[in-house]
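Everything numeric in this text was worked out from a predicted model, so none of it was measured.
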Amino acid sequence: MGTRTQTQRRRPELAAFLRSRRARVTPADVGMPPGLRRRTPGLRREEVAQLSGVGVTWYTWLEQGRPINASPQVLDAVARTLRLDPPEREHLYRLAEVPFEPDPEGLSRRVGAEVQGIIDALDPLLAVVYNARYDILATNAAYRDLFLVPPAGPVGMGLPNVLWTLFTLPEGVCPLVHLEVELPLMVATLRSSYGRHVGEPAWEEFIRGLSAASPWFAELWASCEVVVPGPRVKTFRHTAVGRMRMTSQSLSIDGMPECRIVVYTPEDEDARAKIAVLRERRELLFPPADKEVVHD
């Protein structure tokens, strides 16, 4: 009943949204003569249909919120005609109930200097920026003290990915302890995000690829467990200092939907001391450029 009610509510929202976007695009914006007698401030429905390469009746029904099927290709054509920006394009997809695949050219491959500055300033606390798929968008030096971050993920994936790393590393060198507890929770968190991306090629390819690379991931994925991100106490290990208990906390980022800063704080004084040791070790091996190294 809830899904049917949501669908019924989306249709008038879709109709109103398309009409409002059509009204703001003038014929001159799309290289058409203005004409002498126009009762609409923007484009006519037939003009949007013509420019988008779709039938007038089909577009009229779409704008009226009728229950018709719309493909991503057709919605993209309408979005281009109406000059929708990325958030508007995503909104159109949601209202039309079509799985949304972000425009690859519009995807951020890294965070801005402001967000990077925030996580850098958290040192000696470990901080990382993840998206909903656990791709690593940015890290600070303290995070890299504990975790080896590969320059890129598996072939075709681009960004390094925490889940892929944890499921494919030999257990003896994995920095995360208690994998039997932690990885099922991470997979369940991934599935809670996957619900917003069902059918999107990048997500489906990621799930297929990791399932092929790790039978354990495939088994956990098939269990269909779902949880949402939240604070957790985790145990990590490092060859130089041994085990450390850390609490993870997620913070959302304005302007970066489905991305979050995850900060790891020491759970006790032992972990705090070990984090300090790792920082001293880093500064000894890689002294900051503004500090003069004195040789005896």
Quiz item: Would L278 end up clustered with V177 when hydrophobic side chains under 4.5 Å apart are linked, directly or stepwise?
Solution: no
Self-check item: L183 side, atom CG; H178 side, atom NE2 - distance, nearest 0.5 Å
Solution: 12.5 Å
Quiz item: Of the non-hydrogen atoms in A142 and L126, which two are nearest, and what is the gap between them?
Solution: O-CG, 3.5 Å
Quiz item: Hey, does L14 have a side-chain heavy atom less than 4.5 Å from the side chain of L92?
Solution: yes
Quiz item: Between N131 and L137, is there a donor-acceptor pair closer than 3.5 Å when you use the side chain of the first and the backbone of the second?
Solution: no
Practice problem: For side-chain contact (heavy atoms from CB on, under 4.5 Å), just list the numbers for L62 and V54, CA-CA rounded to whole Å, side-chain angles, deciding distance to a tenth of an Å, and then say yes or no. | Solution: CA-CA 11 Å; L62 179 70; V54 300; over 6 Å; no
Quiz item: What closest approach, in Å, do G65 and A15 show between heavy atoms, and which atom pair accounts for it?
Solution: N-CB, 4.2 Å
Self-check item: Min side-chain heavy-atom separation L51-L43 under 4.5 Å
Solution: yes
Quiz item: When rounded to the nearest 0.5 angstrom, what distance separates CD in Q116 from CG in N140?
Solution: 8.0 Å
Self-check item: Reported CD-to-CZ distance for the pair Q64 and R45, which is rounded to 0.5 angstrom
Solution: 5.0 Å
Quiz item: Is the backbone of T57 close enough, under 3.5 Å, to the side chain of E46 for a donor and an acceptor to pair up by distance?
Solution: no
Self-check item: Nearest heavy atoms of M246 and A271, plus distance in Å
Solution: SD-CB, 4.3 Å
Practice problem: Working to the nearest 0.5 Å, report the span between CD1 of I275 and CG of D270. | Solution: 10.5 Å
Quiz prompt | Test item: E88 side-chain N/O and D85 main-chain N/O as donor-acceptor pair under 3.5 Å | solution = yes
Self-check item: Verify same cluster id: V98, Y59 (apolar side-chain graph, 4.5 Å)
Solution: yes
Practice problem: Tell me, yes or no, whether the heavy-atom count around E258 atom CD, taken from other residues, nucleotides or ligands under 6.0 Å, exceeds 12. | Solution: yes
Practice problem: Report the residue from L122, I136, D123 that forms a side chain to side chain contact (heavy atoms under 4.5 Å, CB included) with Y143. | Solution: I136
Self-check item: Residues R232, E182: salt bridge by 4.0 Å N-O rule
Solution: yes
Quiz item: Is L190 close to W203 at the side-chain level, that is, under 4.5 Å between some pair of heavy atoms?
Solution: yes
Quiz item: When rounded to the nearest 0.5 angstrom, what distance separates OH in Y134 from CG in L159?
Solution: 16.0 Å
Quiz prompt | Nearest heavy atoms of I261 and V263, plus distance in Å | solution = CG2-CG2, 3.8 Å
Quiz item: Are the side chain of H238 and the backbone of M244 linked by a donor-acceptor contact shorter than 3.5 Å?
Solution: no
Self-check item: Whether over 12 other heavy atoms sit under 6.0 Å from E114 CD
Solution: no
Quiz item: For R24 and L82, which heavy atoms make the closest approach, and how far apart are they?
Solution: NH2-O, 3.9 Å
Quiz prompt | R245 side-chain N/O to V233 backbone N/O, donor-acceptor pair under 3.5 Å | solution = no
Quiz item: Got V187 and F167 here, is their nearest side-chain heavy-atom distance under 4.5 Å?
Solution: yes
Quiz prompt | Shared hydrophobic cluster for V226 and Y194 (ILVMFWY, side-chain gaps under 4.5 Å) | solution = no
Exercise. Using a 4.5 Å cut-off on heavy atoms from C-beta on, say whether the side chain of T265 contacts that of Q249.
Key: no
Quiz item: Hey, is the main chain of W221 close enough, under 3.5 Å, to the side chain of R191 for a donor-acceptor pair?
Solution: yes
Practice problem: Measure from the side-chain N and O atoms of D145 to the backbone N and O of A276, and report whether any donor-acceptor pair falls under 3.5 Å. | Solution: no
Quiz item: Does V262 share a hydrophobic cluster with V227, counting links as ILVMFWY side-chain heavy atoms below 4.5 Å and allowing steps through other members?
Solution: no
Quiz item: What's the spacing between L284 CG and R279 CZ if we round to 0.5 Å?
Solution: 14.0 Å
Quiz item: Given the rule that I, L, V, M, F, W and Y join up when any side-chain heavy atoms are under 4.5 Å apart, are V181 and L220 in one cluster?
Solution: no
Exercise. Taking atom types as modelled, find out whether D76 and Y93 have a side-chain donor-acceptor pair closer than 3.5 angstrom.
Key: yes
Quiz item: For W61, does the CH2 atom have more than 12 heavy-atom neighbours from other residues, nucleotides or ligands under 6.0 Å away?
Solution: no
Quiz item: Run the side-chain contact (heavy atoms from CB on, under 4.5 Å) check on V162 and M186 step by step: do they pass?
Solution: CA-CA 10 Å; V162 169; M186 293 180 72; 3.8 Å; yes
Exercise. Tell me yes or no: between the side chains of R243 and T235, is some donor less than 3.5 Å from an acceptor?
Key: no
Practice problem: Taking R237 for its side chain and C174 for its backbone only, find out whether a donor-acceptor pair lies under 3.5 Å. | Solution: yes
Quiz item: Side chain of T60, backbone of V56: donor and acceptor closer than 3.5 Å?
Solution: yes
Quiz item: Which word best sums up how the rings of Y264 and F147 line up, parallel for under 30°, tilted for 30 to 60°, or perpendicular for over 60°?
Solution: tilted
